[in-house]
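Just so we're on the same page: letters track the sequence lines, and every chain starts at 1.
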Amino acid sequence: AQSVAQPEDQVNVAEGNPLTVKCTYSVSGNPYLFWYVQYPNRGLQFLLKYITGDNLVKGSYGFEAEFNKSQTSFHLKKPSALVSDSALYFCAVRDFGSGNTGKLIFGQGTTLQVKP
Amino acid sequence: ETGVTQTPRHLVMGMTNKKSLKCEQHLGHNAMYWYKQSAKKPLELMFVYNFKEQTENNSVPSRFSPECPNSSHLFLHLHTLQPEDSALYLCASSQEGGPETQYFGPGTRLLVL
């Protein structure tokens with residue numbers, strides 16, 4: 001069965017420092033991987049995705065993620081964190097087992113807290 | 001977020017009420033989704049519509065009834081809900097066969113008293 005795990009409930013980073021939010025996945029076949037961000041009382045906003053090609057994917061707001069097939073990971077990174085990056089981050093994987101329904105399986109989310 | 005809109009943004013209802021949540025997507029997509037987001041729980045996929053046909057019902061209680069009259073509109077009809085149904089209900093859309101990225105609306109915050 002397809003699954004995705006975010007091992008950290010919360011990540012704390014000082015402003016200006018690099019940040020990493022971890023995600024590991026388990027799929028059969030090639031994965032489609034996504035990162036979303038959710039600010040308080042808002043919907044999820046798409047940040048970036050990996051489908052194929054370069055393992056380093058660049059996305060919105062200066063975020064990037066590195067696909068690592070051998071470690072089955074897709075960690076989200078940013079070289080220099082901002083206080084405004086504080087939010088809830090979700091990793092997701094496309095579930096191809098459900099045919100054409102486009103079902104995404106989400107991790108439980110990681111709260112990123114960036115302190116000034 | 002303007003690509004997918006949801007109304008109302010907030011809703012308080014009693015357990016005997018009937019209400020509906022509305023979602024509209026302006027992205028030309030052909031698939032729409034309802035998710036439930038409760039505190040301390042992962043996002044739960046409720047329903048999927050692909051080309052207006054329901055392709056997934058994730059064991060959702062019958063007190064939730066979806067309707068998809070066309071590929072741009074999606075409704076979630078609510079009746080005789082329970083307090084544990086209080087949550088943020090998110091709508092999303094995507095273009096199946098294309099980029100397959102799901103775009104989310106802002107959600108409806110539902111409180112059942």
Side-chain angles (χ1 to χ4, degrees), chain A residues 1-10 23-25 27 29-53 57 59-61 65 74 87-111, chain B residues 1-10 21 23 25 27 29-51 53-58 68 71 87-111:
Chain A
Q2 330 278 13
S3 66
V4 61
Q6 294 178 242
E8 301 154 316
D9 286 340
Q10 181 156 330
C23 173
T24 58
Y25 65 89
V27 300
N30 294 322
Y32 283 21
L33 295 157
F34 302 81
W35 274 103
Y36 287 85
V37 60
Q38 185 178 33
Y39 297 98
N41 299 312
R42 304 284 291 274
L44 276 66
Q45 293 181 35
F46 168 71
L47 278 179
L48 50 80
K49 66 182 177 186
Y50 172 83
I51 303 295
T52 186
V57 179
S60 306
Y61 312 120
F74 189 56
L88 183 58
Y89 291 80
F90 290 97
C91 182
V93 64
R94 169 76 184 262
D95 180 4
F96 282 99
S98 54
N100 293 324
T101 61
K103 182 176 176 180
L104 287 181
I105 298 172
F106 285 87
Q108 69 272 32
T110 298
T111 298
Chain B
E1 288 184 6
T2 55
V4 182
T5 58
Q6 290 186 244
T7 55
R9 294 293 307 274
H10 301 272
L21 309 185
C23 176
Q25 61 95 0
L27 301 169
H29 290 164
N30 56 21
M32 296 186 78
Y33 312 79
W34 279 118
Y35 287 88
K36 177 183 178 182
Q37 186 179 26
S38 305
K40 309 290 185 188
K41 286 178 141 182
L43 269 77
E44 301 172 54
L45 178 66
M46 300 175 73
F47 301 105
V48 181
Y49 277 82
N50 207 335
F51 293 99
E53 299 296 322
Q54 188 180 130
T55 55
E56 185 137 354
N57 176 338
N58 226 20
C68 189
S71 57
L88 182 67
Y89 288 85
L90 293 165
C91 173
S93 71
S94 70
Q95 182 63 27
E96 288 308 293
E100 298 169 338
T101 301
Q102 290 186 21
Y103 292 90
F104 285 78
T108 295
R109 175 70 62 186
L110 174 67
L111 178 61

Between CD of B/Gln102 and CZ of A/Arg94, what distance do you get to the nearest 0.5 Å?
8.0 Å
Rounded to the nearest 0.5 Å, the OG1 atom of B/Thr101 sits from the OH atom of A/Tyr36 at a distance of 5.5 Å
Interface moiety of A/Leu48 toward chain B, non-hydrogen atoms closer than 4.5 Å
neither
Heavy-atom side-chain contact between A/Leu104 and B/Leu43 under 4.5 Å
no
Side chains of A/Phe106 and B/Gln37: closer than 4.5 Å at any heavy-atom pair?
no
Structural part of A/Gln38 lying under 4.5 Å from a heavy atom of chain B:
side chain
Partners meeting side chain to side chain donor-acceptor pair (under 3.5 Å) with B/Ser93 (sequence neighbours left out)
B/His29
In terms of heavy-atom contacts, B/Pro42 and A/Gly107 come closest through CB-O, 4.2 Å
